[in-house]
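Structure record follows, encoded as structure tokens.
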Amino acid sequence: MYTKKDVFDFVREEGVKFIRLAFCDLNGNQKNISIMPDELERAFADGISFDASAVHGFGDEVGSDLFLSPVPSTLNILPWRPSQGKVVKMFCFVKTPDGNNFPKDPRYVLSKAVDRANGMGINVKIGSEYEFYLFKTDENGCPTKIPFDNAGYMDVAPDDKGENIRREICLSLVDMGIYPESSHHEEGPGQNEIDFRYNDPMAAADDAMNFLSVVKTAAQRNGLYADFSPKPLEDKSGNGLHINMSVESDDKSDLSGFFMAGILSHICEITAFLNRTEESYKRLGKMKAPGYVTWSAETRSQLIRIPAAKGTARRIELRSPDPSANVYLAYALLIYAGIDGIEKRLDPPDPVNVNLYSADRSLTDTLESVPHSLDEAKQIALNSRWLASVLDDVASFIDR
């Protein structure tokens, strides 16, 4: 946990030449500006200004000056940059000229959700499971739709050609102080998965943003393209972002049932944030991606499953999100939904312990479906009174 003094000491002692100040737009795209070490004092004192009108969702040309305020505890080194003239990065909060937090800064939205939970004596931990495809590139370095290999689930080399790249990714993450839990080949040709242990929500979101950069960089260094889109190949498995959550109160009481019930109650209202593209809805409802608002122990056709695990590894796994989501907003809204379940002492519905992909319509017709399209998901979000109570100006967060 670096302090401002630690950052100054690190930059001086390690010969750092460039400092990247990173933030995230509403679409979940990471942005940054590089400064030289001599500008670090100004960055901490006043922030570094940027043109907010050029950042998606941050405003127009009127009153467009915003400032990046670096968070020293997020300092890490970019291991793929030269050892001479090192480059480091810090995540930032976005501030207005008067020094207040910018309301549409996704990192700030998540911090408010975490503060509300902590203020209620509720501690939420989050871990993510990211899936992505590795595709070959053409002679100009442009991505193709030709998978890097034709291996299947948990296959090994030489069929699994992504083994060394996953190793490179994991070692780079460790160099950045981020510790993946496991990695393996997924079901699709050229498809891979890397999973992370649970962490506090803000650290988990920051780690996810770093992870995306590491994977894309490692793929490019190997002449490949990393594709995180929800459905890269029409007839193959889509890419999911499975979100694992555990919840505990300060008095150690079990709140997981209420928390899960809150998520089930509000999942359709926040689907537009968890599944942000039209392509997202081609993935849902098939090939282990859920299509109904249900839960079960272990069954992978459900929206939420409770994996077989013991002790601190027990968790709630939400299986509908995909990597198009802005993780800061996704984690924030899931926390708010879970809190609502706790406050209202909601009980989850009965589990549906069947394979919903092969279940008879006499059952599935009785179940609530997740939204079938992005337009439907957006409309549900815009009509949600609950969502309006936890997210200022819902419409401004949604493309229309």
If two hydrophobic side chains count as joined below 4.5 Å and joins carry through other members, does Met120 share a cluster with Trp386?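 As far as the 4.5 Å side-chain criterion goes, Trp386 and Met120 are connected within one cluster.
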
* To do: Report yes if some heavy atom in the side chain of Asp392 is under 4.5 Å from a heavy atom in the side chain of Lys112; otherwise report no.
  =>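 SC-SC contact between Asp392 and Lys112 confirmed.
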
Carboxylate-amine/guanidinium proximity below 4.0 Å for [X] and [Y]:
X	Y	value
Glu163	Lys161	no
Asp160	Arg166	yes
Glu187	Lys288	yes

key: Residues Arg116, Glu343; criterion salt bridge (Lys or Arg N to Asp or Glu O under 4.0 Å); working and verdict   = CA-CA 12 Å; Arg116 179 170 171 185; Glu343 288 181 323; 3.4 Å; yes

Worksheet entry | Crowding at CD, Gln220 (>12 non-hydrogen neighbours, <6.0 Å) |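 Atom CD in Gln220 is not packed in, count stays at 12 or less.
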
Q | Verdict with supporting geometry, Asn326 and Asn27, side chain to side chain donor-acceptor pair (under 3.5 Å) | A | CA-CA 6 Å; Asn326 179 323; Asn27 283 340; over 6 Å; no

Arg107 charged N/C atom sitting above Phe93 aromatic ring, 6.0 Å / 45°: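 Ring-cation test returns yes.
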
Using a side-chain heavy atom cutoff under 4.5 Å and only I, L, V, M, F, W and Y, what cluster partners does Leu356 have?
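In the cluster with Leu356 are Tyr292, Val352, Val354, Leu363, Leu367.
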
* Any ring pair (Phe, Tyr, Trp, His ring centres under 6.0 Å) pairs touching residues 336-364, not counting sequence neighbours? ->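 Sorted pair list comes back empty.
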
query: salt bridge (Lys or Arg N to Asp or Glu O under 4.0 Å) between Asp227 and Lys145: does it pass, once the steps are laid out?
result: CA-CA 9 Å; Asp227 192 328; Lys145 288 295 184 180; 3.2 Å; yes

### Task
Could you name each residue pair satisfying side-chain hydrogen bond (donor to acceptor under 3.5 Å, both in side chains) that touches residues 37-46, not counting sequence neighbours?
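Only Glu39-Arg42 qualify under side-chain hydrogen bond (donor to acceptor under 3.5 Å, both in side chains).
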
